[in-house]
Each structure stands twice: as structure tokens, then as C-alpha cells.
*Asks:* 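A single structure is presented below for examination.
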4 protein chains.
Amino acid sequence: MSEEFQASKPIYIQIADRLINRIVRRELLPGDKLPSVRELALQSGVNPNTVQRTYSEMERMGIVETRRGQGTFVTEKDDILMGIKVRMKNDIIDAFVKNMMDLGLTKGEIIDGLNNFLVEDGGERNENRP
Amino acid sequence: MSEEFQASKPIYIQIADRLINRIVRRELLPGDKLPSVRELALQSGVNPNTVQRTYSEMERMGIVETRRGQGTFVTEKDDILMGIKVRMKNDIIDAFVKNMMDLGLTKGEIIDGLNNFLVEDGGERNENRP
Amino acid sequence: MSEEFQASKPIYIQIADRLINRIVRRELLPGDKLPSVRELALQSGVNPNTVQRTYSEMERMGIVETRRGQGTFVTEKDDILMGIKVRMKNDIIDAFVKNMMDLGLTKGEIIDGLNNFLVEDGGERNENRP
Amino acid sequence: MSEEFQASKPIYIQIADRLINRIVRRELLPGDKLPSVRELALQSGVNPNTVQRTYSEMERMGIVETRRGQGTFVTEKDDILMGIKVRMKNDIIDAFVKNMMDLGLTKGEIIDGLNNFLVEDGGERNENRP
DNA sequence: GTGGTCTAGACCACA
DNA sequence: GTGGTCTAGACCACC
């Protein structure tokens with residue numbers, strides 16, 4: 001039942017990324033209860049301390065709220081969730097353009113490269129590939 | 001004369017990234033001599049061991065060659081350099097699309113997001129920005 | 001408790017060679033934990049940085065995997081280990097034949113020389129010799 | 001006209017190895033004059049200091065003799081040359097068997113491995129392959 | 001506890 | 001001069 005993590009990133013960040021992705025995709029809705037620390041730790045095959053750190057980080061970002069004795073819940077402040085999604089999107093685009101320009105590519109080449117990729121390969125894409 | 005490094009990435013990687021960018025952009029040409037370990041260490045304000053590590057990593061990647069007692073040189077195997085550039089480009093695009101799709105965006109939204117960014121903000125972008 | 005190293009080869013390579021030999025001989029099995037950096041440094045009488053370099057090199061070769069905060073483990077990808085063993089074997093044979101032929105020996109002389117050696121001297125050979 | 005050297009070994013050793021191989025193969029005979037330092041340096045595309053070091057090393061081994069003002073000559077003491085050849089051969093075999101046994105191979109497997117190699121691949125072998 | 005990075009300073013072989 | 005290795009000692013993030 002334990003999952004695989006890549007070595008390059010802290011595990012607690014990788015777990016947070018997955019949860020955040022499910023939240024911004026609306027698979028987890030505002031007010032939904034997240035699994036308990038122990039349960040998620042078991043599912044993920046990691047130390048409960050690591051999950052605890054994930055939840056702390058997400059609470060710091062305002063994405064979840066913990067209610068003592070009840071658990072951890074997706075925040076119901078929807079504007080926060082939307083803001084996070086917009087910010088993440090902008091960060092991703094910004095980093096992408098910076099990286100491509102650092103390679104010496106022009107704006108036109110960047111767009112072309114993306115289009116080629118989406119036409120050839122993007123159709124089969126899913127999040128379960130290795 | 002010392003430069004600034006961001007805390008999130010190892011310094012020796014950041015130095016390598018800068019050099020690699022200059023190489024793939026053809027600011028440094030095949031056969032060119034790189035600064036000596038000690039010289040680049042002084043320029044960058046880091047310990048010579050750190051630069052040494054940068055050069056080791058780049059040699060492992062096949063980007064540079066070291067000649068005993070003479071120095072470190074950009075490899076003259078041009079196909080390797082091209083291969084590296086292509087691979088880096090593909091990796092960047094791949095990560096970009098994955099990240100955007102993880103946010104729940106469609107292919108059309110990804111392209112739109114990029115186009116908006118390049119129109120609004122990309123024009124001022126240049127290699128001298130921080 | 002400190003061990004001896006020969007001057008001709010880097011210490012971090014010699015330590016790696018020993019570990020790799022134990023792994024391909026199945027004295028260390030896939031999934032086994034290697035000693036911590038500090039522990040092996042103490043055992044070997046070298047600086048922890050040197051052992052660190054050994055482990056980095058072995059990870060680069062795909063022989064071991066490091067799990068953050070947990071330690072360094074023999075990879076469980078058994079095919080990689082077998083591939084490394086085969087490659088090492090081929091490299092050794094290749095170098096041997098090249099060296100012998102460079103001396104002007106024929107294929108028959110090479111085989112004879114090896115047979116003579118194994119009959120006369122090879123019998124006493126064992127893994128505990130210095 | 002300059003030749004290629006591998007990075008792993010000192011150039012002055014690689015040059016010595018080539019000369020010694022030609023001597024033990026009797027392509028260079030006792031009493032033959034070797035090229036002058038400057039000439040060999042030009043041919044090999046290296047610094048004359050490097051060739052000088054090659055000749056010093058070979059003189060130390062008793063393989064060549066330098067006569068002031070005349071040049072460097074293959075020693076006419078044939079027993080020395082034979083002794084060197086025998087010693088080199090033994091060293092090569094010894095290292096080969098040690099390396100193979102370190103991989104956990106038995107004597108039978110070592111002989112089999114060598115035979116397979118010589119049958120399949122050894123026929124096309126020559127010293128000019130990359 | 002673990003591995004990863006960095007500095008300071010030293011020594012070495014090589015060209 | 002060059003790169004390569006090693007030690008000593010420190011700090012860090014992660015689990």
C-alpha cells in the first residue's frame with residue numbers, strides 16, 4: 001500500500017502537492033475532511049511526523065484548517081483557494097518562460113515547442129505515468 | 001565582486017546552471033577554456049571546493065572536459081551539447097505541462113495562459129533581470 | 001580499527017570498490033541498509049566527507065538509494081545489480097585481453113598463461129588475503 | 001598529427017606504455033634509437049617536459065639508456081627486457097584473477113568467461129579500436 | 001538519528 | 001599554473 005516518492009523533493013512537500021492538486025481540481029471541496037494524520041501516514045507508507053508536517057505547511061498556507069479533536073478540513077474560504085490556484089499557475093508559467101529563455105529560445109520558439117508537444121504527446125498524458 | 005545565491009538550491013548546481021546556460025546559448029563555444037577553479041571561486045565568492053564540484057558535475061554530464069594541468073574546457077563534441085539542449089528543453093516543457101494539468105487546466109487553457117503571459121509581461125523580459 | 005589504503009587510488013573509490021564487491025557477491029542483499037556515513041567513516045578511519053563521496057558515487061551508478069533521513073540502502077532493482085556485475089566482468093576481461101595482446105601474446109598464449117597461473121598459484125587464493 | 005589520450009592516466013605513463021609495448025613486441029630492438037624528446041613531443045602533441053618525464057621513467061626501469069649528446073636508446077641488456085615482459089605479464093594475470101574473484105567468480109567461470117570472449121570477439125581485436 | 005552542502009586550509013600529481 | 005583529493009569542523013533539512 002506504500003507509495004513511491006522521488007528523492008529530489010521532501011516527502012512532506014510531495015504529499016502536500018498531491019492534496020493541493022486535488023483541492024484546486026475540486027476533487028476535494030471546501031469543508032471536506034482530510035484523512036487523519038495516522039490514516040494518511042499508513043496509506044502513504046511514511047512516518048506520521050511527516051504527514052503532520054504536511055498539514056502544518058498547508059495550514060500555514062491557509063488551505064486547510066484544523067479543529068481540535070475533529071480533524072483537518074479544507075478551508076471554506078473559497079477566495080483563498082482561488083487565489084492559490086491563480087498564484088500557482090502564474091508561478092508555473094513564470095518559471096517555464098524563464099527556463100526556456102535561459103536556453104536562448106525566443107518567444108515564438110517557446111510557443112512552437114509547447115504546441116508541438118501538446119499535439120504529439122499531450123493527448124495520452126495522465127498523472128499515473130512513471 | 002561576490003554574487004548572490006538563492007538558498008533553495010545547492011550553490012554548485014546554481015553555478016553549473018549559469019555555465020550551462022551560457023554554453024547552450026553559444027556564449028561559450030566548444031573548445032573554450034573555462035575559468036580555473038580558483039579564479040571562478042574568487043569571482044563567485046565561494047570556496048574553491050564548491051567550484052570543483054561544479055566542474056566535476058559538468059564533466060560527468062559530458063559538457064566539459066578537463067585536461068590534466070591545463071584546465072577545464074567546453075567539450076568539442078557538438079552533438080553532445082545539442083543533445084543536452086534538446087533534453088533540457090523537453091524536460092522543461094514536460095514539467096510545465098504536467099504541472100499545469102495537475103492544476104486541472106486543459107490544453108487550451110495552458111496555451112491561452114502562456115499566450116497571455118507572453119503578451120502582457122514577456123516583452124520586458126531580458127537576460128539582465130535578477 | 002582503522003584500515004589501510006593504497007596511495008595509487010582515491011580512498012573514496014577504494015571504499016566503493018569494497019562495497020560493490022560485497023554487493024555483487026551477494027554478501028549485501030538488495031534492500032540492505034549500509035552503515036551510516038559517520039559510522040563507516042569511523043570504521044574506515046577516514047573523514048565522513050570521504051564516505052559521503054563514496055555513497056554519492058554509488059548512488060550515481062544506481063547501486064544504492066538514499067532515503068532522506070533514513071540512510072543508504074542497496075537498490076532493490078536487481079536487474080541493475082546484475083547489469084553492473086556483467087559490465088564489470090566484461091570490462092575486466094576486455095582490459096586483460098587488450099593488455100596481454102599489447103605485450104605481443106597470441107590468444108593461445110593468453111589462455112596458457114592463465115591456466116598455468118590458476119594451477120600453480122590460484123589454489124591458495126582466497127578472499128582473506130591482504 | 002596530435003594523438004588522443006585518455007583522461008584517467010597520466011600522459012607521460014601512456015606514452016611510456018606505448019613505447020614499452022613496441023619494445024617487448026620487438027618492433028623496437030635493443031640498441032635502437034628512440035625519437036628525440038622534441039620530435040616525440042611534436043608527434044604526440046604534448047609538452048616536451050612530458051616526454052622528458054616518460055624517458056626518465058623508462059630509464060629508471062632500465063628499459064632505455066640515454067647517451068649524452070646522442071639520444072635515448074633501447075637497452076642492449078636483453079635479459080632486462082625479458083624480465084620486464086615476464087613481470088608485466090604476471091602482473092596483468094594476477095590483477096585479472098584478483099578482479100574476477102572479487103566479483104565472486106570461480107576459477108572455472110573465469111576460464112569460461114575468457115574463452116567465450118576470445119571466441120566471440122577476440123578475433124577482430126586490434127590496438128586501434130577506440 | 002540520517003544524508004547533503006559548504007568552508008577553510010592543506011597536500012599532491014600533472015603539464 | 002592546473003585539477004583532484006582529503007581533513008576538520010560546521011550547519012542544514014529531513015524523518
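From a predicted model like this one, the values you see are computed outputs, not experimental measurements. Chain A is the first sequence line, chain B the second, and so forth, proteins listed ahead of strands; every chain is numbered from 1.
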*Asks:* Hey, are the side chains of A/S56 and A/R60 touching, using non-hydrogen atoms and a 4.5 Å cut-off?
*Replies:*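 They are not in side-chain contact.
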*Asks:* Quick one: do the A/E65 and A/T72 side chains pair a donor with an acceptor below 3.5 Å?
*Replies:* no
*Asks:* Could you go through B/D94 and B/K98, starting from their C-alpha distance and side-chain angles, then the distance that decides it, and tell me whether this counts as salt bridge (Lys or Arg N to Asp or Glu O under 4.0 Å)?
*Replies:* CA-CA 6 Å; B/D94 194 82; B/K98 177 187 182 315; over 6 Å; no
*Asks:* Both atom distances under 3.5 Å, Watson-Crick or G-U wobble: I'd like the secondary structure of DNA chain E as a dot-bracket string, with | for pairs made across strands.
*Replies:* ||||||||||||||.
*Asks:* Measure the distance from CD on C/E39 to P on E/dT2 and round it to the nearest whole Å.
*Replies:*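 To the nearest whole Å, that distance equals 7 Å.
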*Asks:* Provide, to the nearest angstrom, the distance between the CD atom belonging to B/E59 and the P atom belonging to F/dT2.
*Replies:*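 Nearest whole value for this atom pair: 17 Å.
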*Asks:* Treat primed atoms plus P, OP1 and OP2 as sugar-phosphate and everything else as base, then score nucleotides 5-15 of chain F 5' to 3': B for base contact with protein heavy atoms under 4.0 Å, S for sugar-phosphate contact only, - for none.
*Replies:* BBBBB----BS
*Asks:* Just one of C/L28, C/V24, C/I84, C/I80 clears the side-chain contact (heavy atoms from CB on, under 4.5 Å) bar with C/I63, so which one?
*Replies:*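 When C/L28, C/V24, C/I84, C/I80 are each tested with C/I63, the side-chain contact (heavy atoms from CB on, under 4.5 Å) holds only for C/I84.
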*Asks:* Is D/D91 salt-bridged to D/R87, going by a charged N under 4.0 Å from an acidic O?
*Replies:* no
*Asks:* Show the nearest heavy-atom pair for residues D/I15 and D/F5, with the distance to one decimal.
*Replies:* CG1-CE2, 3.8 Å
*Asks:* Suppose we screen for ring-ring contact (aromatic ring centres under 6.0 Å, His included). Which residues come up paired with C/Y12, at least two apart in sequence or across chains?
*Replies:*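 By the ring-ring contact (aromatic ring centres under 6.0 Å, His included) rule, C/Y12 matches no residue at all.
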*Asks:* Please check: side-chain N/O of A/T50 versus main-chain N/O of A/V46, any donor-acceptor pairing under 3.5 Å?
*Replies:*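 Judged by distance alone, no pair lies under 3.5 Å.
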*Asks:* Below 4.0 angstrom from OP1 or OP2 of F/dG3, is there any side-chain N or O of B/T66?
*Replies:* no
